[in-house]
Every structure is written in C-alpha cells, then in structure tokens.
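Working notes, structure below.
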Amino acid sequence: EDAFFFFFFGVVFEEGLAPSAYNYSLLFNNSNPNSKDYYELDDGSKVSSIADSSDMFEKLVFNGVMATKLLVDSLIVKKETGEDSVIGIQRMQALTNSFVNISDFEVGFMIAFAIAGIIPFLRIIAVIVGERENKATESLVRVGMNRFSYLCSIFVFTFFQQVIVSLIFTLILKFGLFTRTNFFILFLFDILFILTLMAFSFLISAFFKTTKTAVIAGILIYILFMILWLLKDNIVVSGEAAGVILGISPLGNIAQMIKAFIVFESNGVAYTVDSFSRKVYNFRGTTSIVISLVEICVFLLLAVYFSYVLPIATKNPLHPLLCLKRKRKPLILPAALTAGNPQCTRNIEPEETENREKADRGESLSVKHLTKLYGEKAAVDNLNLEVFSGQILVLLGHNGAGKTTLLSMISGSKVQTAGSISIFGRDNIEDEIEVQKLLGVCPQGSPIFPKLTVWEHVALYAAARGVKNPEGEVEG
C-alpha cells in the first residue's frame, strides 16, 4: 500500500561573528517511521552525526542537502552584491585547523590569568590588614588622616603598578597569539579583570584583624572562584543567563572573553568594538564590561562602608546607617566605682581665673568620670581631669596605673567604658574626625613603614596633618 511521507525543512540564521558574516543551519526531518535518527557504525554503536566517512560526501550531494545549501549561499551572495551567481561544489581534503582545541586553549589561558590575578589580589589584602595589625594605619588616622584617603592611596598605587604589568601581558597576547584582535580591547578586558580582583580584595580586608588569617581566606576565596568556573557545565540555567551567572566570578568573566577571542581568531575575524554586542557561547563583550564595572563599584563602596562601621577596621565604628550617631549604652559600674575615688580630692589645684576663661571658650581638654574596665578590673577609675590651653601636664605612676590607657582613650585608639572626654569642646567619640585633627600622639611603640626613610615618615605624617611644605616647617 502506497504511503505518503512529509518532509519538514527549515533554515535558521544566527548572529555572525562579523557584520557581513552569515551563520546558518539546515534543519530537517520527515514523517517516515522507518527513518533512522542515528547512524549505525561498523562496530554496532550509534552516533548522531558522522565527521569522516567515505560515502558522506555522496550522501550530502544526492539527498538534496548540498543543493539546498548552495541555494542559500547563492541568495546570500545576491543580497550582498545584488548579482546572480552560480556556486558549485568540489570535493577536497579538509585542512586541519591550525588553532588548538578551544577548551584546551581556554584552560591554558585561565591558568595564566589566575596566576597573574592572584598576586595583586593577595598583596592588597596583606598590605591593608598588615598595616592595621601593626597599628600603622591607626597611627595615621589618629593624626587626622582620612580612612577613605588611605584606601584610595593604596588602590591608586597598586592600579598604576598593574597598568604596567597589563600592558606587558597584552603585548605578549597581541603579537604572540591574538594578532587580529584589537590591542586596546585585549588591554581593556585584562585591566577590568585585575581591577575587579583589586576591589574585591579591599572588601575582604575589612573583615580581618590578622594578616595570616586574611591571606588564607583570600586564597580559599580565589580557589572558590576557580571551582565555580570549572563547574560551568553544571549550571542549571541556559542561554545568556548562564553566561551572566558564570561572569559574576572574575575568573569566569575573563574565561568567557578568552573563549570569544579564540573563536574570532580561529575564524580569521578580528574582535573589535563592533564585536562587543555579538554573542559567543551565550556571552557578549558588553555583558562582561557591565558586570566588571558594577562589581568594581559595589566592592569598593562596600569596602569603604565596612571600614567605617566594623569594629575590626576601626576602634570607634560609625552607625550602620552612617547618617545616625551610635548611642552609648548605659553602663552600670561596680559599686566600688560609683562613689568615685575618695583620694582624688587631695590633689586638686585651685582654678585660676585665666583658666576658667579658657574653659568657657572651650580651650581645654576635659575628662569627666572617665572609666575603663577590663572585665571586673578598672584600669582607669572614675578619673576627672582638666588641662587648659598652654599648659604642660605630666602623668606619673607605677606600671599598670593607667597612664597609657588614659592617653589611648584620649587619642581614640581605645574607647572608654564610661565617662566623657572633651577636646576643645568636641566629644572624642561623637566628633572623632574633628578631634583627630587636633591631636598629635607619639605612642610608646611607634609603628613604622619598612620601606620608608626617616624623612619620608616625617613627610607622610606632615601630609596627614595637612602640612603642604614640611621642608619649610620642620627644623633640623
């Protein structure tokens, strides 16, 4: 009994790598129940397609697939040139692609970028946490240096270092491998990758007190980035969403751009600015740039925010909402401290009229009911003290009497348990930034920066105090 079978056919055009490049697929099947979905090989196994077969050429020619392809190609030529053309076919040995397997090439580049990126990533963490650990940062803050300026100086210094490294790395890529790809595009994606890692290292640094712990955490996070990239084939979503999810990791972002560069190069097409919007393996250059810029801004903003509100990064953190001030918790002191020290009334100097006038003008350092507890032990016990402008005060006492603790609370490196400190009318906690600009403190263990000379230390601290010409103002 005769049967009629239907043939379903379609041409699907996809976005090409270049403006005048066409990428299309021929899709077809039929309603014949006896047609095979797979090709049978000699060993009995089945595959969905055959790459090399002696009779494959004849099958493509005589079953109409090749004729259909020639028709589509002729229409494309007519659209581009406006002229009719006759396109023929010729059987010839296929050439081996000079480029290595894309996956192998991608892995090699990922290793190179991962090694290049981890150096600035860990160095920034070590510098910020290390200077916090040895009190160097705190010493500069206590003489008026702004924390934001401190973070900016590290970022700018490291950035210019990495620009030089990225230029060298880009030159190697340009003249060694990606000869068609625009030099500045290679440099752009490399420096965005480095900047993203730098910004993230600033964020990590805000959460650690010790250098060793911070560096170990940084290494583990970096390994996690690599694992996320290695698990890219297990992402449950598909399409461009998968590319975006993978691109959130800095290593995943640069890996996808490397793959795009390889695809363009292996097809003899230059990757230019016009190629940014073209999708390669579900990822676009514009997507990469947007993700990088967003991450850089978010990471840096969070790093600055946490450096002001976390007690790890500062002794006197700001309120999480920034615009509000932290409320001091009411403290119930031990009974032995509430009545004050009965001996403190013996050594009170009579107040002079001149000093009273200075106090009225706010020209004094005033300490009232100052207390510092370590557990149940009081290092400073309900201290009252007032020093006026122009006076010199010497603190005498045996070891453990509380001299250093008192100066630490006045300078802001320690926060008092109870009581108040007013410096020229400004509260040491609520007006911390203004108070720091009025103080100069030389602690008993002066932190130093190993790579700076003596004069460079002087210039650094002078700059923190706003002295523009330290050479003209320092006598020596």
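These values consider heavy atoms only, across backbone and side chains, with no hydrogens, waters or symmetry-generated copies.
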Nearest atoms (heavy-atom pairs only) where [X] meets [Y]:
X	Y	result
Ile219	Leu122	CG1-CD1, 3.8 Å
Met226	Leu251	CG-CD1, 3.3 Å
Ala260	Val280	CA-CG1, 3.9 Å
Ile204	Phe208	O-CD1, 3.2 Å

[X] side chain to [Y] backbone, donor-acceptor under 3.5 Å:
X	Y	result
Gln256	Gly243	yes
Ser275	Arg278	no
Glu133	Gly130	no
Arg132	Ser205	yes
Ser249	Leu246	no
Thr196	Leu192	yes
Ser408	Thr404	yes

Side chain to side chain, [X] and [Y], heavy atoms closer than 4.5 Å:
X	Y	value
Leu151	Ser307	yes
Phe283	Ser288	yes
Phe261	Leu173	no
Thr158	Arg123	yes
Tyr308	Phe148	yes

Sub-6.0 Å ring centroid separation between [X] and [Y]:
X	Y	result
Phe276	Phe189	yes
Phe113	Phe169	yes
Phe299	Phe202	no

Inset, instruction - Find out whether the Lys NZ or Arg CZ of Lys372 is both under 6.0 angstrom from the six-membered ring centre of Tyr374 and within 45° of the ring's axis. - result: yes
Inset, instruction - Evaluate side chain to side chain contact (heavy atoms under 4.5 Å, CB included) for Leu197 paired with Ile118, printing each intermediate quantity in order. - result: CA-CA 8 Å; Leu197 288 177; Ile118 197 171; over 6 Å; no
Inset, instruction - Specify whether Tyr222 and Phe121 have parallel, tilted or perpendicular ring planes, treating 30° as the upper limit for parallel and 60° as the lower limit for perpendicular. - result: tilted
Legend entry - Aromatic plane relationship, Phe225 with Phe200 - under 30° parallel, 30 to 60° tilted, over 60° perpendicular: tilted
Inset, instruction - Evaluate side chain to side chain contact (heavy atoms under 4.5 Å, CB included) for Thr181 paired with Glu265, printing each intermediate quantity in order. - result: CA-CA 7 Å; Thr181 305; Glu265 287 285 338; 2.9 Å; yes
Inset, instruction - Assess whether side chain to side chain donor-acceptor pair (under 3.5 Å) is satisfied between Ser166 and Asp190, documenting all intermediate values. - result: CA-CA 7 Å; Ser166 293; Asp190 180 47; 2.9 Å; yes
Inset, instruction - Could I get the full list of salt bridge (Lys or Arg N to Asp or Glu O under 4.0 Å) partners for Lys78, not counting sequence neighbours? - result: Asp84
Legend entry - Residues Thr272 and Asn182: side-chain donor-acceptor under 3.5 angstrom: no
Legend entry - Phe184 atom CZ, neighbour heavy-atom count above 12 within 6.0 Å: no
Inset, instruction - Evaluate the side chain to side chain contact (heavy atoms under 4.5 Å, CB included) criterion for residues Met257 and Phe193: first the C-alpha distance (whole Å), next the side-chain angles of each, then the deciding distance (0.1 Å), finally the verdict. - result: CA-CA 11 Å; Met257 290 312 304; Phe193 166 66; over 6 Å; no
Legend entry - Test log, rule side chain to side chain contact (heavy atoms under 4.5 Å, CB included), inputs Asp427 and Ile421: CA-CA 6 Å; Asp427 186 85; Ile421 301 173; over 6 Å; no
